[in-house]
2 protein chains.
Amino acid sequence: MTVQRRGKAPSQADVARLAGVSQSAVSRVISGDAATARIPEETRRRVFDAVRELGYVANPAARAMRKQRNNLLGVHTFERVFPHAREDFYFEFLLGIEERAEETGFDLVLFTSTGAGGDGERKIYRGGTNRLNLADGSILLGVSTDRGELARLWYEGYTFVHIGRREVPGAEIPQIIPDYRTASGRIVERLAGLGHRRFGYVRDWLELEPYADRRTGYAEAIARLGLSDASPGYLGAPGIDEVWLEEVVGGAATAVVVESVRLAEALRERLAARGRKVPDDISVAVLEGAPADLAGQWASLEIPRKEIGRIAVDRLHAMLDDPGQRAESLLVPCPLIAGTTIAAVS
Amino acid sequence: MTVQRRGKAPSQADVARLAGVSQSAVSRVISGDAATARIPEETRRRVFDAVRELGYVANPAARAMRKQRNNLLGVHTFERVFPHAREDFYFEFLLGIEERAEETGFDLVLFTSTGAGGDGERKIYRGGTNRLNLADGSILLGVSTDRGELARLWYEGYTFVHIGRREVPGAEIPQIIPDYRTASGRIVERLAGLGHRRFGYVRDWLELEPYADRRTGYAEAIARLGLSDASPGYLGAPGIDEVWLEEVVGGAATAVVVESVRLAEALRERLAARGRKVPDDISVAVLEGAPADLAGQWASLEIPRKEIGRIAVDRLHAMLDDPGQRAESLLVPCPLIAGTTIAAVS
DNA sequence: CACCTGTGCTCATACGTATGCGCACCGTTT
DNA sequence: AAACGGTGCGCATACGTATGAGCACAGGTG
């Protein structure tokens, strides 16, 4: 019966002793560096035999210290990864990240360290110790990313990418960005193709960068195609304005583009209350990823989350392989979902 | 405008130079060891100022090498973590693990490295490099855990726990085990309390340890309470035997205990086809976690996955804090779900 | 025989941190 | 005045790995 091995794990020095060579020889044999070619088969075999006998495995900390790599990819989310509430948001990204990390031989570190505040929001810098350093590079993920921390991270020359748009003055944060602008434009184009000429736009209350992209894309398409936008529209107040709604019911718009599913559903109900049906009387499209619901699938865009996760990993690899390169952001196209909530103008 | 800092990250030596002290003084101030008490406020301030000015953050690799801790908790699954998610086997465990890790200030490493086979199954040992070493200790998770790898891991003295029962001859693997045995017994007790005296048992085809526990618990309760078990029952063949089913319909059993939901549903259908209703004519209980379905909630047990995840983390911490202690396994009680598929004997 | 080219290694060092040991200085006690 | 205890640090080293430099030897060439 085997007995549990006690004491320290064997080091290359132990292996070297047993194989009758020097520690450096062991290192060369194991890590297979260029000079390995100069070590004959016989010696190599002795080393490997000793490795097997002692059950030697490399000490990752020491290795990481010596090289500047430890094949670890950090993932920092500013909220918990697993919990249900945010599950939908993060989940698909992680899927892609994990897949790609696995394919490229990297392990993943989930940074779960909370800030001292205990408010549940996560911080990168905690008591002077930036834990992200543990990983060769990191993917940052989350809507509430702290701009100050991003700036510092960038300033310190840490290698990372941010999923989603996040502009920080004075820093060039490499971002992987769903191309909401183009997608929003294409949705307008599609509606125009169905004969719509008078449009409405409903804003959400959030004022994050991604919504700015959508508004830009919408406004550009309206202008480019010579369509009309019923005010208050994309420049107005968030939410569904009562006066505006009456105008729409009166025919001021035949197509409405809405920033979120929640708002779209509210809109549909309030239209129904006034005897207007979607899409028969009015077409409605949504500018975010939307699951199918009982009343059908929203005409919407799809956020290619998994794809974005994979891209983020590749991007990170590229940055690690060539540290000198400029950190550029990347737009990822969003496919359109045809849906059942838009129709040709009647 | 700030310019991106180039070159190496500052070390304690750099801080020391700037603060006009030695590197060791910096280390003492920063890590706040016992001797810190002997360093006056004035010096400390100088050090912290220098830290701030240089933006020094500790190098985790070096720190991990020096101490024997790096506050990393490994999670190794033998299949991918993120796929399937919602109904996924792993998900709830991870929820608990993440929560508890966060609470205790540990980060999580997800080991995603596959074996060379590319068959999707994951290996711990990959080309002589046991990646788990990266973490202070690990939680192993998965039904198909390779026994040989577990044995080796244990032999090498690595600190880990296994979620789920997994016996390895010659090694004492610390396991966190849902107490199927007790729970199965209690289900029998509950049925007996409803007046049932003649029982049947349906096995699944799987021959993993957890099923053995269920069978033991069932058999013990049957014996203890002086009940009768209609053969082939728990010792017989897996699946629903035709002959046995006829006997049950004929009254050989008023209560049937089934290992899996899948089988229970099949049983219900085949009973219905013979004019027997659940639970009016026959009570059926399931020995695994069962979601509510259209025909009601199965009388079943609940696997406290999240709780188990949390316990696993705590267990690991205990082992890390006291390396000498014997690695003991732990049974976690499974609550019973009353359900709607059992009733008093008619 | 002097010289050169490989070959098969070893030596020495660096990476950044933590820590046991001890030195120099100062104020106090005997 | 000698002895002593406390304060405020610095010195030196260890952790395990990777790697540039170089040494000793063998064999071949002029």
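Convention: sequence-line order gives letters A, B, ...; per-chain numbering from 1. Below, each value reflects all heavy atoms present in this structure, side chains not excepted, and no hydrogens, waters or symmetry copies.
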Send over the distance from [X] [atom1] to [N] [atom2], rounded to a whole Å.
X	N	atom1	atom2	result
B:R45	D:dG8	CZ	C1'	17 Å
A:E42	C:dT7	CD	P	18 Å
B:R44	D:dT7	CZ	P	13 Å
A:R28	C:dA12	CZ	P	14 Å

State which residues pass salt bridge (Lys or Arg N to Asp or Glu O under 4.0 Å) with [X]; sequence neighbours excluded, sorted by chain then number.
X	value
A:E53	none
B:R46	B:E42
A:E172	A:R326
B:D136	none

Does a distance-only test, which skips hydrogens and angles, find a donor-acceptor pair under 3.5 Å between the side chain of B:S24 and the base of D:dC9?
no
Under 3.5 Å donor-acceptor pair, A:S22 side-chain atoms to C:dC9 base atoms:
no
My understanding is that only residues two or more places apart in sequence, or in another chain, count here; which of them pass side-chain hydrogen bond (donor to acceptor under 3.5 Å, both in side chains) with [X]?
X	value
B:D49	B:R45, B:R52
A:R100	A:E103, A:D314
A:Q68	none
B:S138	B:Y158

Contacts of type ring pair (Phe, Tyr, Trp, His ring centres under 6.0 Å), residue A:F160, not counting sequence neighbours:
none
Between protein and nucleic acid, restricted to nucleotides 22-26 of chain C and to nitrogen or oxygen atoms under 3.5 Å apart, what atom pairs and distances do you find?
none

Could you pull out the protein-nucleic contacts involving nucleotides 15-17 of chain C (nitrogen or oxygen on both sides, under 3.5 Å)?
{"residue": "C:dT17", "atom": "OP1", "partner": "B:Y56", "partner atom": "OH", "Å": "2.4"}
{"residue": "C:dT17", "atom": "OP1", "partner": "B:N59", "partner atom": "N", "Å": "3.2"}
{"residue": "C:dT17", "atom": "OP2", "partner": "B:Q12", "partner atom": "N", "Å": "2.8"}

Assign A:V26 to base, sugar-phosphate, or nothing according to its heavy-atom contacts below 4.0 angstrom with the strands shown.
nothing
Does OP1 or OP2 of D:dC9 have a side-chain N or O of B:T43 closer than 4.0 Å?
yes
Using five base pairs at each end to define the local axes, how bent is the helix from C:dC1-D:dG30 to C:dT30-D:dA1, to the nearest 10°?
70°
Donor-acceptor pair, B:D321 side chain versus B:A318 backbone, under 3.5 Å?
no
Please work out which of the three classes, parallel, tilted or perpendicular, describes the rings of B:F111 and B:H76, given edges at 30° and 60°.
tilted
